[in-house]
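Here's the structure, in structure tokens; my notes come after.
Basis for what follows: all heavy atoms, side chains included, without hydrogens, waters or symmetry-related copies. Chain letters run A, B, ... following the sequence lines, proteins first and then strands; every chain starts at 1.
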Number of protein chains: 2
Amino acid sequence: MASQTEENYLKSLFNLANEKDEVNISELASQMQVSMPTVNSMVKTLQKNGWLIYEKYKPVTLTPAGKKDAALVIRKHRLTEMFLVNKMGFGWEEVHEIAEQVEHIHAPKFFERMDEMMGFPTIDPHGSPIPDKLGRIQEINYLSLTECKAGQLVKLAGLTNSSTEFLEFLNGRNLSLGTELRILSKEAYDHSIVVSYSNHTSETLSEKVCEKLLVKVM
Amino acid sequence: MASQTEENYLKSLFNLANEKDEVNISELASQMQVSMPTVNSMVKTLQKNGWLIYEKYKPVTLTPAGKKDAALVIRKHRLTEMFLVNKMGFGWEEVHEIAEQVEHIHAPKFFERMDEMMGFPTIDPHGSPIPDKLGRIQEINYLSLTECKAGQLVKLAGLTNSSTEFLEFLNGRNLSLGTELRILSKEAYDHSIVVSYSNHTSETLSEKVCEKLLVKVM
DNA sequence: CTACATTGTTAGATCAGTCTAACAAAATTG
DNA sequence: CAATTTTGTTAGACTGATCTAACAATGTAG
Ligand SMILES: [Mn+2]
Ligand SMILES: [Mn+2]
Ligand SMILES: [Mn+2]
Ligand SMILES: [Mn+2]
């Protein structure tokens with residue numbers, strides 16, 4: 001059974017392996033906030049336990065077992081976040097830190113019960129998909145708000161970044177998942193976008209914000 | 001901040017320090033299921049951190065800070081057990097193992113929210129008192145069933161042992177906290193007791209069971 | 001292609017938490 | 001009280017997870 005540390009490495013590896021599938025030692029070190037020698041020794045351990053493939057001087061790759069176990073940790077994390085928001089009344093900006101700890105609890109029934117109580121949700125409070133019990137993850141293809149055209153009506157469905165600061169910024173603007181946005185105009189110079197939604201008739205969103213907002217065209 | 005290991009030692013120390021207040025190294029070693037040298041080195045650490053007082057060859061004593069922090073871990077444990085039973089539908093025999101892990105989560109709001117959602121309970125699912133936010137524990141003085149007399153009507157209010165096996169035994173007899181028992185007779189030879197309750201007209205409980213049942217005389 | 005920068009590895013140390021073996025102090029018991 | 005048992009300590013080792021310093025391989029850019 002994976003230790004807390006190993007579970008955290010698996011999660012990072014899984015998240016870094018989007019698209020490229022391979023992960024460099026240095027990437028992993030910076031993601032995990034540890035030194036490269038630390039990663040070097042840990043990848044040897046993870047390999048010994050069958051979670052990844054490693055060859056000297058080569059980037060590492062998760063094995064199918066590694067991918068599955070990583071997804072199951074992510075499942076615990078996201079179920080927890082959803083439970084904290086839906087059943088315990090936390091704000092979406094408060095739950096990540098708690099889930100970072102709760103995800104390491106070894107008690108399948110605990111998470112199954114959360115799942116059940118929430119009616120088997122498929123996304124977490126930040127719009128990210130919750131892997132199923134077998135570690136399968138449903139890929140959702142949302143558009144970034146930057147890719148949308150003036151005049152379009154879109155619905156906020158996900159985020160590419162869920163830092164507390166960004167979530168608090170969105171709270172301050174009354175933006176939450178499900179909010180329908182009308183794109184009023186796009187500024188060619190700085191790529192900012194003017195939108196209207198709810199009782200906000202004209203809100204300007206910078207490119208930095210827009211690229212982090214994932215939307216579904218209505 | 002206490003590590004998981006330290007928190008577990010504090011809890012054990014607190015529980016062993018009932019009455020006597022002092023705890024022997026060997027008691028603590030057997031409680032924690034580690035060797036005496038391990039305890040020896042750990043008590044030095046705990047002393048260095050201000051949680052206990054230790055002198056070579058003497059039993060150890062928790063400091064006020066040690067008692068408080070121990071009680072706060074026990075608070076997290078018992079709030080969790082109550083939450084699992086009351087809000088998540090677990091049986092009282094399933095919750096201890098999960099709480100043993102959840103008690104180490106460092107997130108005050110998480111436990112405060114549980115507390116709030118349950119209406120600030122004062123006992124856990126096994127009848128043990130839940131320490132308050134300042135680590136104060138309300139001592140309740142129940143009677144053991146062995147101390148009761150024939151003819152008395154008593155209510156099951158607590159247990160001196162909450163092992164899964166014992167809880168499953170009680171489940172099998174339909175005995176739960178709050179059950180009112182009429183003591184029909186006491187057997188002088190083996191100290192077993194015959195009781196009636198709910199739709200059980202005559203159930204014999206061995207001394208081994210009776211001494212673990214804490215009751216309130218009605 | 002050589003030089004320099006980047007990336008990765010090795011060696012060796014540290015800290016927490018654990019162990020066993022050997023020994024020492026304290027308690028018990030005849 | 002002396003012998004024996006029980007309890008506690010010391011020494012030394014190990015594992016997991018981390019670090020820094022030194023070095024080696026790989027990649028890049030003139
Ligand atoms: Mn998260
Ligand atoms: Mn984590
Ligand atoms: Mn318990
Ligand atoms: Mn515990």
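Taking atom CD on A:Q33 and atom P on D:dT18, their separation rounds to 12 Å, with Å as the unit. As rounded to whole Å, 14 Å separates atom C1' of D:dG8 from atom CD of B:E55. Distance CE (B:M42) to P (C:dC19): 11 Å, rounded to an integer number of Å. Distance, A:Q31 CD to C:dT7 P: 16 Å, rounded to whole Å. At whole-Å resolution of the value, OH in A:Y9 and C1' in D:dT18 are 8 Å apart. In this structure, CD of B:E27 is placed 10 Å from P of D:dT7, rounded to the nearest angstrom. In this structure, CG of A:L28 is placed 14 Å from C1' of D:dT18, rounded to the nearest angstrom. If you take CD1 of A:I25 and P of D:dA25, they are 17 Å apart, rounded to a whole angstrom.
For A:N24, counting side-chain heavy atoms from C-beta on, the closest listed nucleotide (C:dT10, C:dG8, D:dT10) is C:dG8. Closest to the side chain of B:P37, from the set C:dT10, D:dC19, D:dT10, is D:dT10. Distances from the side chain of B:M36 to the nucleotides C:dG8, D:dT7, C:dT18 place D:dT7 closest. Checked against D:dA17, D:dG8, C:dG8, the side chain of A:S26 finds its nearest nucleotide in C:dG8.
For the OP1/OP2 pair of D:dA17 and a distance below 4.0 Å, the side-chain nitrogens and oxygens of A:K44 include no atom meeting the criterion. Here B:K56 reaches the OP1 or OP2 of D:dT10: one of its side-chain N or O atoms lies under 4.0 Å away. OP1 or OP2 of D:dT9 has at least one side-chain nitrogen or oxygen of B:Y54 nearer than 4.0 Å. At the phosphate of D:dA17, OP1 or OP2 sits under 4.0 Å from a side-chain N or O atom of A:T5. Put simply, B:S3 has no side-chain N or O that comes within less than 4.0 Å of OP1 or OP2 on C:dA16.
Summarising the geometry, atom CD belonging to B:E93 is positioned 8.0 Å from atom NE2 belonging to B:H126; distances are rounded to the nearest 0.5 Å.
With salt bridges taken as basic N to acidic carboxylate O contacts below 4.0 Å, none links A:E207 and A:K186. Taking 4.0 Å as the cut-off between side-chain N and carboxylate O, B:E22 and B:K58 do not count as a salt-bridged pair.
In this structure, B:S35 reaches the bases: a heavy-atom distance under 4.0 Å links it to at least one base atom across the strands shown. Among the protein residues, B:K58 comes within range of no part of the nucleic acid, since none of its heavy atoms lies under 4.0 Å from any strand.
With a 4.5 Å cut-off on side-chain heavy atoms, A:M36 and A:N40 do not count as touching.
Counting non-hydrogen atoms of other residues, nucleotides and ligands closer than 6.0 Å to CD of A:E139 gives a total above 12.
Sequence order on DNA chain C of the closest nucleotides to A:N40 and B:S41 puts A:N40 first from the 5' end.
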